[in-house]
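Right, one structure below, let's go through it.
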Amino acid sequence: MRVVLATSNPGKLAEARAILAGSPIEIVTVPMWLGEVETGTTYLENARLKAANALRFVGRPVLAEDAGLEVDALHGAPGPRSARFSGTAATDATNNAKLLRLLEGVALRSARYRAVAVLALPNGEDFVGEGVFEGSIATEPRGSGGFGYDPLFVPDGERRSAAEMKPDEKNRISHRGLALRALVAEIADL
Ligand code: ITT
């Protein structure tokens, strides 16, 4: 099945392509302006909004994903607001700087990434996959791989940050890897 991935995040696109290589889902991209559709309060709502919006635009199966970082010491923030944690002009660098600032001197540094992926079909049906990636927040950024909060995110059982791991190492255990493989399993069960 060829599906359009509705994302403007190149890091997400590269990871989704690698994760789904060899699966029945082949990702294609279509230039589109998704607009400010992430008005929901949950990952599922936002993933469905992105998928529905893109489906209207392209008229063929669409895959969308919403993800975020949940930090225990921040009561689960930034969560679904992770991309815009440091404001409307946020960048990965300003988001990471804000996270480090808020956690200065904080000993409890456990956190997790969560992802919800939605495959929406033109007949109105949709399929959902979810994944969680447990870890903790380092005291300084390390590594240049991945994207987003990866330089600060140290997966449980790892000494390296996610940005120091090879892409396929991250994809094997990441929230995105789990969510997309769960989605593929759901479709295969049909
Ligand atoms: P699209 O909505 O266009 O897909 P986005 O970057 O806005 O792109 P999200 O709304 O899902 O995507 O925001 C997720 C944010 O959470 C993302 O911008 C990162 O800051 C962070 N994030 C999610 N998954 C991540 C990962 O695997 N590594 C690092 N940061 C991640």
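Whatever order the structure lists ligands and atoms in, that order sets their numbers, starting from 1. The residues of the chain are indexed from 1 along the displayed sequence.
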Q: Please answer whether the main-chain N or O of R101 pairs with a side-chain N or O of E104 as donor and acceptor at a distance below 3.5 Å.
A: no
Q) Just which atoms of ligand 1 are under 4.0 Å from any heavy atom in D66? A) 9 (P), 10 (O), 11 (O)
Q.
Among residues at least two apart in sequence or on other chains, which ones pass salt bridge (Lys or Arg N to Asp or Glu O under 4.0 Å) with R181?
A. none
(Q) Distance under 4.0 Å to a non-hydrogen atom of T7: what atoms of ligand 1 satisfy this? (A) 1 (P), 3 (O), 4 (O), 8 (O)
(Q) Looking at L13, is its backbone amide N or carbonyl O close enough to the side chain of T7 to form a donor-acceptor pair, meaning the two atoms are under 3.5 Å apart? (A) no
Q. Counting heavy atoms only, which of F147, Y149, F153, Y43 comes nearest to atom 25 (C) of ligand 1?
A. F147
**Q.** ligand 1 atoms in contact with D150 (distance to a heavy atom under 4.0 Å)
**A.** 26 (C), 28 (N), 29 (C)
**Q.** K50: numbered ligand 1 atoms lying under 4.0 Å from its heavy atoms
**A.** 1 (P), 2 (O), 4 (O), 9 (P), 10 (O), 11 (O)
Q: Among N96, N95, D92, find the one that has a side-chain hydrogen bond (donor to acceptor under 3.5 Å, both in side chains) with S86.
A: N95
Q: Could you check whether the rings of Y113 and F153 sit parallel, tilted or perpendicular, using 30° and 60° as the cut-offs?
A: tilted
Q: Determine which pairs satisfy ring pair (Phe, Tyr, Trp, His ring centres under 6.0 Å) with at least one residue from residues 85-110, sequence neighbours left out, and list them in order.
A: none
Q) Can you tell which of R142, K170, R160, K12 makes a salt bridge (Lys or Arg N to Asp or Glu O under 4.0 Å) with D150? A) K170
Q) Using heavy atoms and a threshold below 4.0 Å, how should the contact between Y113 and ligand 1 be classified: side chain, backbone, both, or neither? A) side chain
**Q.** L63 CG to K50 NZ distance, which is reported to the nearest 0.5 Å
**A.** 10.5 Å
Q. Taking N or O atoms only and a 3.5 Å limit, does N9 qualify as a polar contact for ligand 1?
A. yes
Q: Using non-hydrogen atoms of the residue, decide whether H175 is closer than 4.0 angstrom to ligand 1.
A: yes
Q) Which of the atoms of ligand 1 are close to K170, meaning less than 4.0 Å from one of its heavy atoms? A) 26 (C), 27 (O), 28 (N)
Q. What do you reckon, does A67 have a nitrogen or oxygen under 3.5 Å from a nitrogen or oxygen of ligand 1?
A. yes
Q) Do ligand 1 and N95 have nitrogen or oxygen atoms that lie under 3.5 Å from each other? A) no
Q.
Does ligand 1 come near enough to R176 that some N or O of the ligand is less than 3.5 Å from an N or O of the residue?
A. yes
